[in-house]
Undergrad: 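Pasting a structure below so you can have a look.
Chain letters run A, B, ... following the sequence lines, proteins first and then strands; every chain starts at 1. Everything quoted here is computed from the prediction, not taken from an experiment.
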There are 2 protein chains.
Amino acid sequence: MKYCSISEASAKFNISESKLRYYEKQGLLTRIERDKAGRRLFSEDQMALLETVLCLKNTHMPISSIKQYMDWIEEGENTVELRLEMMNKHKQAVLDEISSMTDSLKGIDFKITRYSERIQNRKNGEEER
Amino acid sequence: MKYCSISEASAKFNISESKLRYYEKQGLLTRIERDKAGRRLFSEDQMALLETVLCLKNTHMPISSIKQYMDWIEEGENTVELRLEMMNKHKQAVLDEISSMTDSLKGIDFKITRYSERIQNRKNGEEER
DNA sequence: ATACGACTTAAACTAGGGTTTAAGTCAACC
DNA sequence: GGTTGACTTAAACCCTAGTTTAAGTCGTAT
C-alpha cells in the first residue's frame, strides 16, 4: 500500500498542512498512522476519507457534524442508516443553499444590467454634445 | 411615502432585529431615519437597499465588501463603474462557488447511492435466511 | 401618575474556523 | 559531529459575524 506524507496530501487536495493537522485534532481524521519519527502517513483509505471530509466542508457542513459522521464511519456497519439519513438531509440543505444563492444572483445580475445601461447612456449623452 | 418599523423590516425579510441594528452599526445601512422617539424608520428606498445587502450577504460577500459597495452607492454616479466591476467579479465568485458545491454534491450523492445499496443488500440477505 | 411593552445604546460575550508560535525531535548531508 | 530542513506538539492568538446584556427612554392603556 502506498502512503502519503502530509505534504503530499496537502498538495493533492490543495489544502494547507496546518488545516490537515487541525482536522485531525478535531477528530475529523482518525487512525492516521505515523512513521518511527512520528510523522503522519496517509493511507489510500485515509485519502479517500479526507476527500469525503473536504466534500462536506466544501458544502458548508460544520466541523462538529462532520465529526459525528466520521465517528459513525468508525463505528461500522450498524450506523449506515444514520449516515444515509444525514447525507440525505445534508444534500437537501445544499440544494436549498444553491437555490437561494441562485435566486440572489438574479438580483446581482439585475444590478449589472442596470449599471451597464447607465454607463452606456452616459456615453451616448457625451456623443450628442 | 410609507415607512417600516424595525419589526416590520425584520418580518418582511425574515431577519432578526438585532441583525438589522448590527448591519446599520457596521455601515451597511446608512441614513436610516428615526421618529421623534428615536426609533428606526425604513423608507422604501432603504428597504430596496436592504434587499441588496441581503442578496450580497446571501451570496457570502463579507461585510467589509458590502460596506464598500454601499459607500459607493452613497457616493453617487461617479462610482458606477466601480460598482459594476465589483458586481461582475462577485457574480463570477458566486458562480464558482455554486459549481464547486455542485461538484461536491456528486460525492455526497455517490455516498447516498452506496448506503442505500448496502441497506438493500442487507434486507435481501435477511429474506434468504 | 404609573406600569407595561416596545424600543434604544454601547459594550461584552460567544462560536466557528483556522493560523501562528514556541519549543522541540529526527535524519541526512557536509 | 554539527547544521539544516522537514517534521512534530500544545496552546495561544486572530478574525468574522453575530447575540446578549445592562442600563435606560418613550408613549399608550389603566
Side-chain angles (χ1 to χ4, degrees), chain A residues 3-43 46 50 52-71 90 93-94 97 100-101 104, chain B residues 3-43 46 50 52-71 90 93-94 97 100-101 104:
Chain A
Y3 285 91
C4 285
S5 70
I6 197 168
S7 56
E8 287 166 338
S10 156
K12 177 155 181 181
F13 291 114
N14 194 30
I15 177 182
S16 66
E17 296 182 11
S18 47
K19 275 194 193 179
L20 287 173
R21 293 188 197 108
Y22 175 72
Y23 290 164
E24 186 190 13
K25 198 167 68 167
Q26 298 306 311
L28 272 42
L29 306 170
T30 48
R31 307 179 178 287
I32 294 183
E33 295 172 58
R34 304 296 178 109
D35 67 10
K36 60 185 173 178
R39 291 174 207 144
R40 287 169 183 79
L41 291 175
F42 294 79
S43 69
Q46 293 298 332
L50 174 53
T52 301
V53 167
L54 296 179
C55 265
L56 297 177
K57 270 266 83 220
N58 207 17
T59 48
H60 309 148
M61 183 181 282
I63 284 184
S64 56
S65 307
I66 301 179
K67 170 156 174 46
Q68 172 66 275
Y69 178 69
M70 300 312 279
D71 285 350
H90 183 57
V94 175
E97 186 175 356
S100 147
M101 288 178 78
S104 292
Chain B
Y3 284 92
C4 285
S5 69
I6 197 168
S7 54
E8 287 165 339
S10 156
K12 178 158 182 180
F13 292 114
N14 193 30
I15 178 184
S16 67
E17 296 182 12
S18 47
K19 275 194 192 180
L20 286 172
R21 293 188 198 107
Y22 175 72
Y23 290 163
E24 187 190 12
K25 198 167 69 168
Q26 299 306 310
L28 272 42
L29 306 170
T30 49
R31 307 178 179 288
I32 293 182
E33 294 172 59
R34 304 293 179 112
D35 67 11
K36 60 185 172 178
R39 290 174 209 144
R40 286 170 182 77
L41 292 174
F42 293 79
S43 69
Q46 292 298 333
L50 174 53
T52 301
V53 167
L54 296 179
C55 267
L56 297 177
K57 268 264 87 216
N58 208 15
T59 49
H60 310 146
M61 183 180 282
I63 286 186
S64 56
S65 306
I66 301 179
K67 173 158 174 45
Q68 172 67 276
Y69 178 70
M70 301 311 278
D71 285 351
H90 184 57
V94 176
E97 186 175 356
S100 144
M101 289 178 77
S104 293

Undergrad: So does A:R34 have more than 12 non-hydrogen atoms from other groups sitting under 6.0 Å from CZ?
TA: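 Counting other residues, nucleotides and ligands, CZ of A:R34 exceeds 12 neighbours.
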
Undergrad: Measuring from B:I15:CD1 to B:L50:CG, what's the distance to the nearest 0.5 Å?
TA: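 Output value for this atom pair is 6.0 Å.
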
Undergrad: Distance check, rounded to the nearest 0.5 Å: B:K57 atom NZ versus A:S104 atom OG?
TA: 11.5 Å

Undergrad: Of all nucleotides in DNA chain D with an atom under 4.0 Å from a non-hydrogen atom of chain A, which is the first and which the last going 5' to 3'?
TA: D:dC7 to D:dA11

Undergrad: Identify the heavy atoms of B:L20 and B:A9 that sit nearest to each other, and give their distance.
TA: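 Scanning both residues, the minimum pair turns out to be CD1-CB, 3.9 Å.
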
Undergrad: How many Å lie between OH on B:Y3 and C1' on C:dC7, as a whole number?
TA: 19 Å

Undergrad: Could you tell me how far apart B:F42 (CZ) and C:dC7 (C1') are, to the nearest whole angstrom?
TA: 13 Å

Undergrad: Rounded to whole angstroms, how far apart are OH on B:Y22 and P on C:dA12?
TA: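 So the two atoms are 16 Å apart, to the nearest Å.
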
Undergrad: Does the side chain of B:E97 come within less than 4.5 Å of A:H60's, by heavy atoms?
TA: yes

Undergrad: Any base atoms under 4.0 Å from B:S5, or only sugar-phosphate, or nothing? Heavy atoms, all strands.
TA: nothing

Undergrad: If you fit an axis to the five pairs at each end of the helix from C:dA1-D:dT30 to C:dC30-D:dG1, how big is the angle between those two axes, to 10 degrees?
TA: 20°

Undergrad: Which part of the nucleic acid does B:S16 contact within heavy-atom distance under 4.0 Å: base, sugar-phosphate only, or nothing?
TA: sugar-phosphate

Undergrad: At their closest point, which heavy atom of A:C4 faces which heavy atom of A:E8, and how far apart are they?
TA: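 So the minimum-distance heavy-atom pair works out to CA-OE1, 3.1 Å.
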
Undergrad: Quick check: are there more than 12 heavy atoms from other residues, nucleotides or ligands sitting under 6.0 Å from CG of B:D35?
TA: yes

Undergrad: What does nucleotides 24-29 of chain C look like as a protein-contact string, B for base, S for sugar-phosphate only, - for none, at under 4.0 angstrom between heavy atoms?
TA: --SS--

Undergrad: Can you check whether A:S18 has a side-chain N or O nearer than 4.0 Å to OP1 or OP2 of C:dG18?
TA: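 Checking A:S18 against C:dG18: no side-chain N or O falls below 4.0 Å of OP1 or OP2.
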
Undergrad: Between A:H90 and A:T59, which heavy-atom pair has the shortest distance, and what is it?
TA: NE2-OG1, 2.8 Å

Undergrad: Looking at B:Q46, B:E17, B:E33, B:E24, which one forms a side-chain hydrogen bond (donor to acceptor under 3.5 Å, both in side chains) with B:R40?
TA: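 Of the listed options, the one satisfying the test is B:E24.
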
Undergrad: Rounded to the nearest 0.5 Å, what separation is found between the CG atom of A:L29 and the CZ atom of A:R21?
TA: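 Here the interatomic distance stands at 12.5 Å.
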
Undergrad: Between B:R21 and B:K25, just flag the one whose closest nucleotide in DNA chain C comes earlier from the 5' side.
TA: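 Residue closer to the 5' terminus by nearest nucleotide: B:R21.
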
Undergrad: With a 4.5 Å limit on heavy-atom distance, are the side chains of B:I63 and B:Y23 in contact?
TA: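 The answer is yes; the side chains approach within 4.5 Å.
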
